[in-house]
2 protein chains.
Amino acid sequence: MGKRHSLAMNLDAVAQKAAVSTSTVSRVLNNLEVVKSSTRSRVLKAAEELNYHPNLHARSLARGKSRILGIIVSNMENPFFLDIYRTLESDAHARGLEVVVANTDYQSAQLVASVQLMIGLRVAGLAVIVSEMEEHLIQTVANSRIPAAFYDVGTPQKNITNIRVDYRKGTKKTVSYLSSLGHRRMAFIGHHSTLGPISERRKTFLESVHRCSSTAEAKIFAGPDGLDGGRQAARELLESGFRPTAILCVNDFMAVGVMRELREEGLQIPRDVSVTGFDNIKLAEFCSPPLTTVHIPREEIGHIIFDNVLGNGREKHDTGREIVIDPELVIRDSTGLAAKT
Amino acid sequence: MGKRHSLAMNLDAVAQKAAVSTSTVSRVLNNLEVVKSSTRSRVLKAAEELNYHPNLHARSLARGKSRILGIIVSNMENPFFLDIYRTLESDAHARGLEVVVANTDYQSAQLVASVQLMIGLRVAGLAVIVSEMEEHLIQTVANSRIPAAFYDVGTPQKNITNIRVDYRKGTKKTVSYLSSLGHRRMAFIGHHSTLGPISERRKTFLESVHRCSSTAEAKIFAGPDGLDGGRQAARELLESGFRPTAILCVNDFMAVGVMRELREEGLQIPRDVSVTGFDNIKLAEFCSPPLTTVHIPREEIGHIIFDNVLGNGREKHDTGREIVIDPELVIRDSTGLAAKT
DNA sequence: CTCTGCCATGCAAGCGCTTGCAGGATTTGC
DNA sequence: GCAAATCCTGCAAGCGCTTGCATGGCAGAG
């Protein structure tokens with residue numbers, strides 16, 4: 001019944017205008033060197049004049065694969081994830097791949113939808129940066145045979161690599177550092193989350209504090225994630241009457257929120273109370289006072305993920321491995337000697 | 001020559017397994033209500049067992065269109081763009097559309113590539129949030145007949161809407177406010193950029209200062225964009241010997257960087273010098289001191305863009321219009337009465 | 001001037017899905 | 001019990017592109 005999609009501009013149109021076959025047009029557009037240069041330029045001219053843009057769906061379909069790197073990320077606002085994403089993106093572009101991102105917003109329904117999307121798109125590779133994922137879904141990805149790498153999720157699977165940061169170590173380093181400054185009464189401010197990495201930090205915190213000194217006190221507070229959440233949690237802490245000399249926060253955003261609230265309360269940092277963060281986002285360096293925090297090498301992580309998804313074949317497609325990254329403590333001005341009480 | 005792509009799992013496989021035709025499978029998967037429920041569940045079961053995921057490329061090809069909203073953005077790290085993006089994304093999801101984003105990093109080559117990608121993907125709608133775009137490229141988008149909206153770019157075109165913020169007004173409000181506090185010596189800190197909206201602010205700044213008082217002094221400084229850039233520009237300002245009582249920054253990030261440097265120099269804000277930003281990002285509320293800045297309603301902008309791209313038909317597809325948004329001054333603690341000199 | 005061989009191009013099948021149309025099976029009405 | 005209406009399902013064409021194979025033309029060799 002002829003053209004159903006009137007406005008469509010396709011290879012045929014170009015072929016006709018250039019008086020060649022579609023195959024030739026295709027070859028020109030794909031830079032196959034078999035085409036005579038006079039023909040080539042004629043085709044190029046026709047395509048240009050018709051304002052032709054190849055239909056990527058048709059191309060992927062015909063080729064049986066797409067040149068797309070899929071990225072699933074739980075929260076783009078988090079500079080932590082954002083940085084990893086940016087690295088992946090630039091690696092992909094360097095390899096001539098397009099990128100499609102899906103944000104899950106920590107919603108498991110979104111995660112499922114995103115995975116469906118990526119598989120449906122038959123992406124060339126998939127990076128999943130989400131902190132938590134059901135075993136079932138991981139299996140789905142594994143079954144799809146799409147080369148994939150996860151950040152901080154579940155256990156390694158067949159042809160899937162899992163990359164994670166040793167949060168325990170980071171937390172331990174922070175606690176020992178604070179302990180060495182004389183702190184014996186500490187609080188941990190986390191957020192309402194059952195995410196693995198988060199509860200890991202919480203647990204390690206308690207253990208470490210008690211290992212450093214049997215008389216040490218440790219309490220845990222929580223608020224929603226983010227600047228506001230940190231502030232809110234700090235408020236609760238203040239109202240609880242507990243007066244720690246040091247506060248460890250689950251991430252830098254919350255730490256900045258916490259500092260804001262403490263300052264409002266008239267407390268000085270670090271004179272009255274020390275504060276630490278986690279991640280070492282840019283802001284940590286620029287807030288006031290600059291924040292002592294745990295640095296996580298996000299660029300490095302991004303590169304590792306990319307290499308494991310679409311690396312030059314060096315070591316990809318091993319039977320899934322686990323790669324563990326060591327975090328480093330960065331000392332700035334938000335921590336100091338414990339105040340005498 | 002049989003299956004070229006061995007691992008492919010397609011409709012046929014499901015159809016065979018469920019002992020029906022591909023058409024039926026297709027109808028089940030698309031929830032067409034014509035299928036007998038016993039057949040339906042048989043198909044669903046087969047699909048499930050085979051771990052089948054429809055090929056979205058084939059689907060888009062057959063349907064002649066995709067259910068994808070394309071978003072092109074110049075810099076995801078900028079919370080300003082990020083917020084607009086997030087709004088668009090949630091609007092899209094609410095309508096059952098997928099989203100694909102392309103980051104241009106302010107590189108014009110990337111912009112071209114992104115536009116190609118979106119057109120190639122035959123996206124259902126396109127939002128372009130990039131601050132600057134060649135007329136030629138705008139035309140390309142217009143010619144593609146894809147419903148599109150631009151933020152802050154060029155002139156309205158046929159079936160393309162342009163949305164922009166009245167930066168002049170925002171800058172004027174800031175200057176008059178500072179002027180009313182007695183400031184007569186002001187600096188503007190921008191970044192190295194020829195982007196329209198930026199030079200607009202710069203120019204308006206100079207005009208406004210001189211309009212407020214003929215004896216007022218105004219100078220302009222610049223650095224790279226971002227926290228570091230603000231710091232660097234502040235350094236230059238300090239070294240220049242110019243001692244303004246107020247500094248207007250082109251955006252909040254730069255303002256925070258500026259404040260950091262001033263503080264290091266021993267200056268107090270706002271006692272010694274007032275500082276203002278632009279955009280009113282979250283950080284503006286949490287930095288120290290909280291920043292006086294110009295609020296730009298990013299969510300609202302996001303919704304407007306979406307409505308203009310894929311709105312319920314209410315008013316989309318007008319012959320391109322221009323929508324202008326009014327910014328509001330938000331007064332916080334980084335500004336105060338001018339110091340006596 | 002004919003023969004071999006290569007170069008540039010065209011032919012046509014196929015990628016996985018949708019969908020208008022047709023037709024067999026099952027109901028319903030009388 | 002039979003015709004008509006209804007319901008499901010299948011057939012097959014087509015979406016725009018790629019690509020293995022076939023072929024026409026032309027150059028150089030003899």
Side-chain angles (χ1 to χ4, degrees), chain A residues 1-44 46-47 50-67 116 119-122 144, chain B residues 1-44 46-47 50-67 116 119-122 144:
Chain A
M1 70 167 306
K3 14 182 96 183
R4 264 192 294 174
H5 315 298
S6 51
L7 302 170
M9 183 91 310
N10 57 22
L11 265 195
D12 272 319
V14 180
Q16 224 163 312
K17 176 141 190 156
V20 294
S21 72
T22 59
S23 338
T24 300
V25 178
S26 170
R27 287 192 267 254
V28 169
L29 264 33
N30 287 294
N31 278 311
L32 295 224
E33 291 302 348
V34 271
V35 186
K36 202 202 289 181
S37 80
S38 67
T39 316
R40 165 183 215 74
S41 50
R42 192 148 38 91
V43 170
L44 254 17
L50 288 177
N51 207 273
Y52 169 76
H53 295 268
N55 184 321
L56 264 27
H57 297 297
R59 182 173 285 185
S60 297
L61 181 56
R63 292 219 252 249
K65 65 185 179 212
S66 63
R67 291 187 58 69
Q116 306 276 20
I119 298 182
L121 249 24
R122 302 292 189 265
S144 77
Chain B
M1 69 163 312
K3 14 182 93 182
R4 264 192 294 173
H5 315 298
S6 51
L7 302 168
M9 183 90 313
N10 59 19
L11 264 195
D12 272 318
V14 180
Q16 223 164 312
K17 176 141 190 154
V20 293
S21 73
T22 59
S23 337
T24 300
V25 178
S26 171
R27 286 192 267 255
V28 170
L29 265 32
N30 287 294
N31 278 313
L32 296 225
E33 291 303 345
V34 271
V35 186
K36 200 203 292 180
S37 80
S38 65
T39 315
R40 167 186 213 74
S41 49
R42 194 149 36 93
V43 170
L44 254 18
L50 288 177
N51 207 273
Y52 168 77
H53 296 267
N55 183 320
L56 264 28
H57 296 298
R59 184 173 282 183
S60 298
L61 181 57
R63 291 219 253 249
K65 67 187 175 209
S66 64
R67 291 188 58 68
Q116 305 276 19
I119 297 182
L121 248 24
R122 303 293 188 264
S144 76

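Just so it is clear, the values below take in all heavy atoms, side chains as well, and ignore hydrogens, waters and symmetry mates. Residue numbering restarts at 1 for every chain, and letters A, B, ... go by the order of the sequence lines. It should be emphasised that the depicted structure is a prediction, and the values quoted were computed from it without experimental measurement.
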Each nucleotide N or O in nucleotides 6-10 of chain D that has a protein N or O under 3.5 Å away: list the pair and distance.
from, atom 1, to, atom 2, distance (Å)
D:dT9, OP1, B:Thr39, OG1, 2.2
D:dT9, OP2, B:Lys36, N, 2.9
D:dG10, OP2, B:Ser21, N, 2.7
D:dG10, OP2, B:Ser21, OG, 3.0
D:dG10, OP2, B:Thr24, OG1, 2.6
D:dG10, N7, B:Arg27, NH2, 2.6
D:dG10, O6, B:Arg27, NH1, 3.3
D:dG10, O6, B:Arg27, NH2, 3.2

Give a yes/no answer on whether the side chain of [X] brings an N or O atom under 4.0 Å of OP1 or OP2 in [N].
{"X": "A:Arg59", "N": "D:dG16", "value": "no"}
{"X": "B:Asn10", "N": "C:dC15", "value": "no"}
{"X": "B:Arg63", "N": "C:dC17", "value": "no"}

Keeping to residues at least two apart or across chains, list the salt bridge (Lys or Arg N to Asp or Glu O under 4.0 Å) pairs with something in residues 18-32 of chain B.
none
For residues 14-23 of chain A, which residue pairs pass the salt bridge (Lys or Arg N to Asp or Glu O under 4.0 Å) check, not counting sequence neighbours?
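Residue pairs passing salt bridge (Lys or Arg N to Asp or Glu O under 4.0 Å), neighbours aside: A:Lys17-A:Glu49.
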Whole-Å distance separating the CG atom of A:Asn30 from the P atom of D:dG16:
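After rounding, the reported distance stands at 17 Å.
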Starting from C1' on C:dG16, measure out to NZ on A:Lys65 and report it in whole angstrom.
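In whole Å, C:dG16 C1' and A:Lys65 NZ are 17 Å from each other.
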Have a look at the helix from C:dC1-D:dG30 to C:dC30-D:dG1 and give the angle its two end axes make, five pairs each, rounded to 10 degrees.
40°
Candidates D:dT19, D:dG16, C:dT18 - which lies nearest the side chain of B:Leu11:
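So the side chain of B:Leu11 is nearest to C:dT18.
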Checking contacts here: which listed nucleotide (D:dT18, D:dG16, C:dG16) is nearest the side-chain heavy atoms of A:Asn55?
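The answer is D:dG16.
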For B:Ser21, which residues count as a side-chain hydrogen bond (donor to acceptor under 3.5 Å, both in side chains) partner, sequence neighbours excluded?
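Only B:Ser23, B:Thr24 meet the side-chain hydrogen bond (donor to acceptor under 3.5 Å, both in side chains) criterion with B:Ser21.
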Can you name the residues that form a side-chain hydrogen bond (donor to acceptor under 3.5 Å, both in side chains) with B:Ser66, not counting sequence neighbours?
none
Would you say that A:Leu44 contacts A:Leu29 through its side chain, given a criterion of any heavy-atom pair below 4.5 Å between the two side chains?
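A side-chain contact exists here, since the closest heavy-atom pair is under 4.5 Å.
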